[in-house]
Amino acid sequence: MRDDRTWLDGLNDWLLRTGARAFAGRAAHAADPQRRMTRGEVCVLLGYLAALLASRAGLPCVAAPWARALLALLPLPPIVLLVALAVRRVSGMDELQRRIELVVLAVTAAAAWLGFSVAWLLAEAGVALPSPLLGFWGMPLLYVFARRWAGRRYA
Amino acid sequence: MNNRVRELRGEHGWSQADLAGRLDVSRQTVNAIETGKYDPSLPLAFKIARLFAQPIESIFTPDE
């Protein structure tokens, strides 16, 4: 229990320090609600894209199942870090901004769930489906549109 | 919910940004409260009431 707390405290401290350096803190978010992505998040996003490219490039050269699994999951840590940073950013916002962000995330998640359900039902019926890349790029686009809608609703 | 935040802010000669700074929220939040698009949380409503030194029920009134 004590070890868990120490580990969690360490993670929290690290996130705090990262947040303080890269995000310019809570006050900056309150003062600048239009700021969409922090420098830290952009860096992690670039890391994710690099990991994605490395994973794609490396997979054809590897045959061992464990190595293929490792390479395939290479983009996962940046995604987890990005989610952690996003959670930190949202929790640092003021109440209206947080509400907008949570509404946007809920709309995006619901639409994504609906899209995947439609795709699964069509796949079960043997109907040809569009590329999964549509979902990959569609979600960020959906987020942007939902963000604009929610921003206008409350602004 | 109706409120007198804009009126009280005007009486103090504060801009929306001034009030936002005093309440530690964004200017967008102050604007949304004043235009009635957003009802503040109870802690923020108490903060507003304390800032203007008025009872909360004299600032925020429910829709009839």
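Every heavy atom of this structure was used, including side-chain atoms; hydrogens, water molecules and symmetry mates were not. Residue numbers start from 1 in every chain, and the chains themselves are labelled A, B, ... in the order their sequence lines are given, proteins ahead of strands.
Put simply, A/Leu142 and A/Val103 are part of two different groups of oily side chains (I, L, V, M, F, W, Y) that touch within less than 4.5 Å, one to the next. Linking Ile, Leu, Val, Met, Phe, Trp and Tyr whenever their side-chain heavy atoms come within less than 4.5 Å leaves A/Phe145 and A/Val104 in two separate clusters. Hydrophobic clustering places B/Leu8 together with B/Tyr38 (ILVMFWY residues linked when any side-chain heavy atoms are closer than 4.5 Å, directly or through intermediates). The same ILVMFWY cluster, assembled from side-chain heavy atoms under 4.5 Å apart, contains both B/Met1 and B/Val5. Following chains of ILVMFWY side-chain contacts shorter than 4.5 Å, one cannot reach A/Leu59 starting from A/Leu73, and the two form parts of different hydrophobic clusters.
For the residue pair B/Gln28 and A/Gly151, the shortest heavy atom distance occurs at NE2-O, 3.8 Å. Summarising the geometry of B/Lys37 relative to A/Arg153, their closest heavy-atom pair is CD-O, 3.5 Å, with the distance given to 0.1 Å.
Of the inter-residue distances, the one linking A/Asp94 atom CG with B/Leu23 atom CG reads 10.0 Å to the nearest 0.5 angstrom.
Interface residue A/Arg99: only side-chain heavy atoms are found under 4.5 Å from chain B. Of the two parts of B/Pro40, the backbone and the side chain both hold a non-hydrogen atom closer than 4.5 Å to a non-hydrogen atom of chain A.
Checked by atom type and distance alone, the side chain of A/Glu95 pairs as donor or acceptor with a backbone atom of B/Ser41 at under 3.5 Å.
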